[in-house]
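Everything below concerns the one structure shown next.
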Amino acid sequence: MTHLRWFFLLSAIALITACRKDDPRPDPSPAPPTGVGANGVYVLNEGNFQWGNASVSYYDIATGQSIEDLYQPANGAGLGDVLQSMTLHNGRAYLVVNNSGKVVVVDPHTFVATGTITGLPSPRYLLPVGDGRGYITDMQSNTITVVDLNTLSVIGGIPCPGWTEQMALAHGKVFVTNETRRYLYVIDATTDQVIDSLPVSRGASSMVADANGKLWVACMGGGGTPPALYRIDPLGVSVEEAFTFGSSADSPWRLCTNGDRTVLYFLNDHVYRMAITDAALPATPFVAANGRNFYALGVEPGTGVVYAADAIDFTQRGVVSRYAADGTLINEFLAGRAPVGFVFP
């Protein structure tokens, strides 16, 4: 199921409550681990639509200690409604809170809030683009918002149709994925103007850069276009290769890479792995879902340990599983509700 369909599911289950019974995994600790951000991973928890229970968990890799929510204890209030993404930049963490229409800026070690960017219709991702500026994509506004990262103010907008998602900066150009259009849009980061577009399948959501400087885009398909994985040459602004999935039921997303950016990982119900030099899509999963609802994926840069989060039913805490490079389960820990992503400092 695509995360577009999950978005509407979240609103439908907003009045449902549930709890985990007799879970063998320990609950997150009541206090932040020592040295937050030094040797761990932030787990972004979307929360329940319209419940205002978004959170950021933290897992200390060395000690195995975890905490469900860093933000509320540090600020005496909740983060907001539906956390979408987090960007680390220049000693700050930018938390994009979708349904609250804001970006909350915190100290990444203490998680004390230091400012907020407001006036955003439905923000998704933030990308620093140089000269103290940042771009913020949006689900509803048909505009990419330009912000001053020093003053945390909106200073402009770039017209871009549809639901814009992840971005990547390469060779002075910003490449923008789009959920509802059949194009990857290209913006000149110095002029804040759309200068080109590349034809891809609909449902483009996630994008990463590989070790050769190429961009990879995962598209879920739709509107007569197939699910596909694309390799893009950002210098020549061209599609180099399209890896098309065999069924319209396929839905690749949550694309990420290992630390040296030579191996791709993505979700398609299961967890799949693919080297950037492979000539075909992987035929078998790296980790089979086995009834789990995988909703987030990440790879520890230094070790290659793979993190996959099971959102279960979206009303109880998600379970994060850690896997070795051979697919062996290392351990599990609890996060917040609906884990949506991982950020490695």
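We're numbering straight along the sequence, starting at 1.
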Here the salt bridge (Lys or Arg N to Asp or Glu O under 4.0 Å) pairs for residues 127-151, sequence neighbours left out, are Arg133-Asp192
For Thr328, what residues pass the side-chain hydrogen bond (donor to acceptor under 3.5 Å, both in side chains) criterion, not counting sequence neighbours?
-> Asp326
Any ion pair linking Arg337 and Glu68 (charged N to carboxylate O, less than 4.0 Å)?
-> yes
Is there any salt bridge (Lys or Arg N to Asp or Glu O under 4.0 Å) pair reaching into residues 223-237, and which pairs are they, with sequence neighbours excluded?
-> Lys214-Asp233, Arg231-Glu240
Can you run down the salt bridge (Lys or Arg N to Asp or Glu O under 4.0 Å) pairs that involve residues 93-117, sequence neighbours left out, and say none if there aren't any?
-> none
Does Tyr307 have any ring pair (Phe, Tyr, Trp, His ring centres under 6.0 Å) partners at least two apart in sequence or in another chain, and if so, which?
-> Phe342, Phe344
Check the pair Phe266, Arg273 against side-chain contact (heavy atoms from CB on, under 4.5 Å), reporting the backbone distance first and the verdict last.
-> CA-CA 7 Å; Phe266 60 89; Arg273 178 173 63 182; over 6 Å; no
Hydrophobic cluster mates of Ile136, side-chain heavy atoms under 4.5 angstrom, ILVMFWY only, any path?
-> Tyr94, Val96, Val103, Val105, Ile117, Leu120, Leu126, Val147, Leu149, Leu152, Val154
List in chain and number order the residues that pass salt bridge (Lys or Arg N to Asp or Glu O under 4.0 Å) with Arg322, two or more places apart in sequence or in another chain; answer none if no residue qualifies.
-> Glu300
Qualifying ring pair (Phe, Tyr, Trp, His ring centres under 6.0 Å) pairs with a residue from residues 63-92, counting only residues at least two apart or across chains | none
Taking the hydrophobic residues Ile, Leu, Val, Met, Phe, Trp and Tyr, and joining any pair whose side-chain heavy atoms are under 4.5 Å apart, which ones share a cluster with Val217?
-> Phe175, Leu184, Val186, Ile195, Leu198, Val200, Met207, Leu215, Tyr230, Ile232, Val237, Val239
Side chains of Met86 and Leu95 in contact at under 4.5 Å (non-hydrogen atoms) = yes
Can you run down the side chain to side chain donor-acceptor pair (under 3.5 Å) pairs that involve residues 276-292, sequence neighbours left out, and say none if there aren't any?
-> Arg292-Tyr323
By ring pair (Phe, Tyr, Trp, His ring centres under 6.0 Å), which residues pair with Phe243, not counting sequence neighbours?
-> Trp216
How would you list, by chain and number, every residue that makes a ring pair (Phe, Tyr, Trp, His ring centres under 6.0 Å) with Phe111, sequence neighbours excluded?
-> Tyr42
